[in-house]
Amino acid sequence: FRSNKQRLFIHDLMAELLQLKKNKVIWAYQKHMPRQEKPFATLRIYSEQLEAMAELLQDGDTVHAVAPSAFVLEMQYFGRGDEDPQDKIMGIIRRLELPSVVDRCAAARVAFFDAEPVQDLSTLLDNQDWERRAAVDLHVRYSYAMHDCDSSDTGDIFETIDTVDHVTIDGKLTENGGN
């Protein structure tokens with residue numbers, strides 16, 4: 001349900017907070033993706049759910065259905081050399097609380113509200129070299145607005161709602177409620 005704009009915002013924010021170029025932060029499970037040079041990070045969204053039924057909000061003549069929703073964003077960071085991936089991820093978690101970052105997230109209708117413990121996933125490769133890697137699950141809430149969308153934001157859906165402009169009632173109201 002999250003829009004493509006929100007997905008792009010999350011990707012770009014993670015790249016910025018990791019101090020990586022945008023092409024070094026990759027959505028998981030892409031086809032034919034070559035192995036990246038370190039450092040790099042992968043992102044994966046799972047456990048997406050609606051948290052409540054949609055609320056109808058009127059904006060002039062337009063009615064939007066806004067649904068509070070949530071998902072888990074798994075981020076894995078692959079470090080280079082002696083870099084500690086756990087420290088890098090902890091730095092992101094702390095920066096997600098900065099007022100400037102919180103304000104930008106609010107403008108994108110996204111909120112990072114919790115983080116699971118950071119996991120060290122380092123492993124020994126080829127019985128010689130350690131691949132330094134850590135992961136964290138970030139809990140994210142977002143407001144999904146169902147509204148008229150353009151072709152570049154195909155994650156949203158819309159429905160035209162006909163409104164009643166005029167009602168005419170024929171009949172007489174009597175004291176005891178009969179016709």
Side-chain angles (χ1 to χ4, degrees), residues 1-55 66-145 152-156:
F1 283 127
R2 75 209 114 40
S3 73
N4 289 334
K5 288 178 186 174
Q6 288 168 319
R7 186 178 170 99
L8 179 61
F9 170 80
I10 289 168
H11 173 274
D12 292 353
L13 179 65
M14 291 298 110
E16 176 187 328
L17 295 178
L18 283 167
Q19 299 172 329
L20 292 175
K21 293 180 180 180
K22 291 178 185 178
N23 66 349
K24 300 295 273 179
V25 177
I26 306 154
W27 288 105
Y29 306 123
Q30 292 186 35
K31 290 184 178 183
H32 310 293
M33 176 59 74
R35 179 90 171 155
Q36 298 291 310
E37 284 190 38
K38 296 172 190 145
F40 70 95
T42 61
L43 303 175
R44 178 175 72 105
I45 291 175
Y46 69 94
S47 294
E48 190 162 8
Q49 65 182 357
L50 291 174
E51 292 192 318
M53 295 304 292
E55 176 184 4
V66 178
S69 305
F71 61 84
V72 177
L73 177 68
E74 175 196 72
M75 181 180 56
Q76 292 192 33
Y77 182 79
F78 296 75
R80 164 177 64 200
D82 290 337
E83 179 181 39
D84 188 344
Q86 289 176 279
D87 287 345
K88 194 77 164 178
I89 290 177
M90 284 305 300
I92 286 176
I93 293 169
R94 291 182 189 108
R95 285 191 293 281
L96 284 171
E97 297 176 355
L98 293 172
S100 62
V101 175
V102 171
D103 289 346
R104 288 171 51 206
C105 289
R109 298 187 332 249
V110 171
F112 292 85
F113 69 92
D114 195 15
E116 297 291 326
V118 177
Q119 302 293 316
D120 182 2
L121 302 177
S122 297
T123 187
L124 191 59
L125 299 177
D126 302 327
N127 297 325
Q128 295 178 28
D129 294 325
W130 282 93
E131 179 178 66
R132 301 289 310 265
R133 177 170 54 131
V136 68
D137 286 345
L138 301 170
H139 296 263
V140 183
R141 284 193 177 112
Y142 65 100
S143 292
Y144 175 71
S152 66
D153 192 13
T154 56
D156 289 349

What residues, two or more places apart in sequence or in another chain, satisfy side chain to side chain donor-acceptor pair (under 3.5 Å) together with D120?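 Scan of D120 (side chain to side chain donor-acceptor pair (under 3.5 Å), adjacent residues dropped) gives S122.
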Considering all heavy atoms of both residues, which atom of [X] and which atom of [Y] are nearest to each other, and what is their separation?
{"X": "L50", "Y": "S69", "value": "CD2-OG, 3.2 Å"}
{"X": "A41", "Y": "L18", "value": "CB-CD1, 3.5 Å"}
{"X": "I92", "Y": "M75", "value": "CD1-CE, 3.5 Å"}
{"X": "S143", "Y": "R109", "value": "O-NE, 3.0 Å"}

For E83, side-chain contact (heavy atoms from CB on, under 4.5 Å) partners two or more places apart: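 P39, Y77, R80, K88.
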For a 4.5 angstrom cut-off between non-hydrogen side-chain atoms, does [X] reach [Y]?
{"X": "R44", "Y": "L73", "value": "no"}
{"X": "D114", "Y": "V140", "value": "no"}
{"X": "W27", "Y": "I45", "value": "yes"}
{"X": "E74", "Y": "Q76", "value": "yes"}
{"X": "R132", "Y": "D84", "value": "yes"}
{"X": "V136", "Y": "Q119", "value": "no"}
{"X": "V25", "Y": "D12", "value": "no"}
{"X": "R7", "Y": "F9", "value": "no"}

Taking ring-ring contact (aromatic ring centres under 6.0 Å, His included) as the definition, give me every residue that meets it alongside F112, ordered by chain and number, with sequence neighbours left out.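 F112: no ring-ring contact (aromatic ring centres under 6.0 Å, His included) contacts found.
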So how far is it from I10 CD1 to C105 SG, rounded to the nearest 0.5 Å?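 Taking CD1 in I10 and SG in C105, the distance rounds to 8.0 Å.
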Any idea how F113 and H139 line up, ring-wise: parallel (<30°), tilted (30 to 60°), or perpendicular (>60°)?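 Rings of F113 and H139: tilted, 30 to 60°.
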Carboxylate-amine/guanidinium contact E16 K21, below 4.0 Å: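 Looking at E16 and K21, the cut-off is not met.
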Would you please say whether a donor-acceptor pair under 3.5 Å links the side chains of Y142 and E51?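 No, because no side-chain N or O of Y142 sits under 3.5 Å from a partner of the opposite role on E51.
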Evaluate the criterion side-chain contact (heavy atoms from CB on, under 4.5 Å) for residue pair Q49 and F71; output intermediate values, then yes/no. CA-CA 6 Å; Q49 65 182 357; F71 61 84; over 6 Å; no
